[in-house]
Amino acid sequence: MKTLSHPPSGRSFRIRYCHSFLCRLRGLTFRKEIPPNWGLLLVQERSSKVEASIHMLFVFTDLAVIWLDEDFQVVDKVLAKAWRPFYAPTQPARYVLELHPRHLDDFAIGQTWRLSP
């Protein structure tokens with residue numbers, strides 16, 4: 001587990017760092033709920049709109065999805081609805097953060113976050 005934090009706001013989240021193909025493919029499928037201050041960080045090989053796209057098939061709960069660039073700057077965000085086939089960022093992203101939906105407003109486009117062990 002790692003911690004993703006935004007020191008100016010005091011916000012932080014415990015996240016699972018997910019960099020293997022199988023981990024990214026599974027994501028949060030088959031989950032009925034997600035703990036409030038926990039998330040999954042999907043790590044792509046490079047920044048891309050296509051590679052950073054996600055599906056919500058077999059995901060039984062809505063998610064706050066935050067796309068971050070290689071510097072952990074927020075480039076896009078969306079409330080992803082359960083069972084929707086496809087979401088993609090408007091800008092290339094290297095990281096996809098999936099969190100409890102109540103945290104969508106904790107992130108703003110342009111904010112830079114910090115990842116620590």
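Worth saying up front: this structure is predicted, and the values here are computed from it rather than measured. Starting from 1, each residue takes its place in the sequence as its number.
Under the 30°/60° scheme for interplanar angles, the aromatic rings of His100 and His103 are found to stand perpendicular.
Between the side chain of Asp69 and the main chain of Asp71, a donor-acceptor pair closer than 3.5 Å is present. Remark: the backbone N or O of Ala82 is paired with a side-chain donor or acceptor of Asp62 at under 3.5 angstrom. Proximity of a side-chain donor or acceptor of Arg14 to a complementary backbone N or O of Trp38 within less than 3.5 Å is not detected.
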Q | side-chain contact (heavy atoms from CB on, under 4.5 Å) between Asp106 and Phe13, worked out | A | CA-CA 11 Å; Asp106 293 342; Phe13 300 94; 3.8 Å; yes
**Q.** Chi angles and distances behind the side-chain contact (heavy atoms from CB on, under 4.5 Å) call for Phe107, Leu99
**A.** CA-CA 11 Å; Phe107 294 82; Leu99 296 165; 3.4 Å; yes
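In this structure, the side chains of Glu98 and Val59 stay at 4.5 Å or more apart for every pair of heavy atoms. Between Trp113 and Arg11 the shortest side-chain heavy-atom distance falls below 4.5 Å.
Around CZ of Arg114, the count of heavy atoms belonging to other residues, nucleotides or ligands within 6.0 Å does not exceed 12.
Met1 and Leu40 end up in the same hydrophobic cluster when Ile, Leu, Val, Met, Phe, Trp and Tyr side chains are linked at under 4.5 Å.
Arg94 and Glu45 get closest at one heavy-atom pair: NE-O, 3.6 Å. Of all heavy-atom pairs spanning Val78 and Leu104, the tightest one is O-CD1, 3.6 Å. Of all the heavy atoms in Ala93 and Pro89, the pair that sits closest is CB-CG, 4.4 Å. Across Thr61 and Met56, no two heavy atoms sit closer than the pair O-CE, 3.6 Å. For Leu68 against Val74, the heavy-atom pair with the smallest separation is CD2-CG2, 3.7 Å. The two residues Ser53 and Ala88 come nearest to each other via the heavy atoms CB-CB, 3.9 Å.
Residues passing the ring pair (Phe, Tyr, Trp, His ring centres under 6.0 Å) test with Phe72 are Tyr95, sequence neighbours excluded. Under the salt bridge (charged side-chain N to carboxylate O under 4.0 Å, His left out) criterion, Lys2 pairs with no residue, sequence neighbours left out.
To the nearest 0.5 angstrom, Ile109 atom CD1 is 9.0 Å from Gln73 atom CD.
Each side-chain hydrogen bond (donor to acceptor under 3.5 Å, both in side chains) pair with one or both residues in residues 79-92, not counting sequence neighbours, appears once here: Asp76-Thr90.
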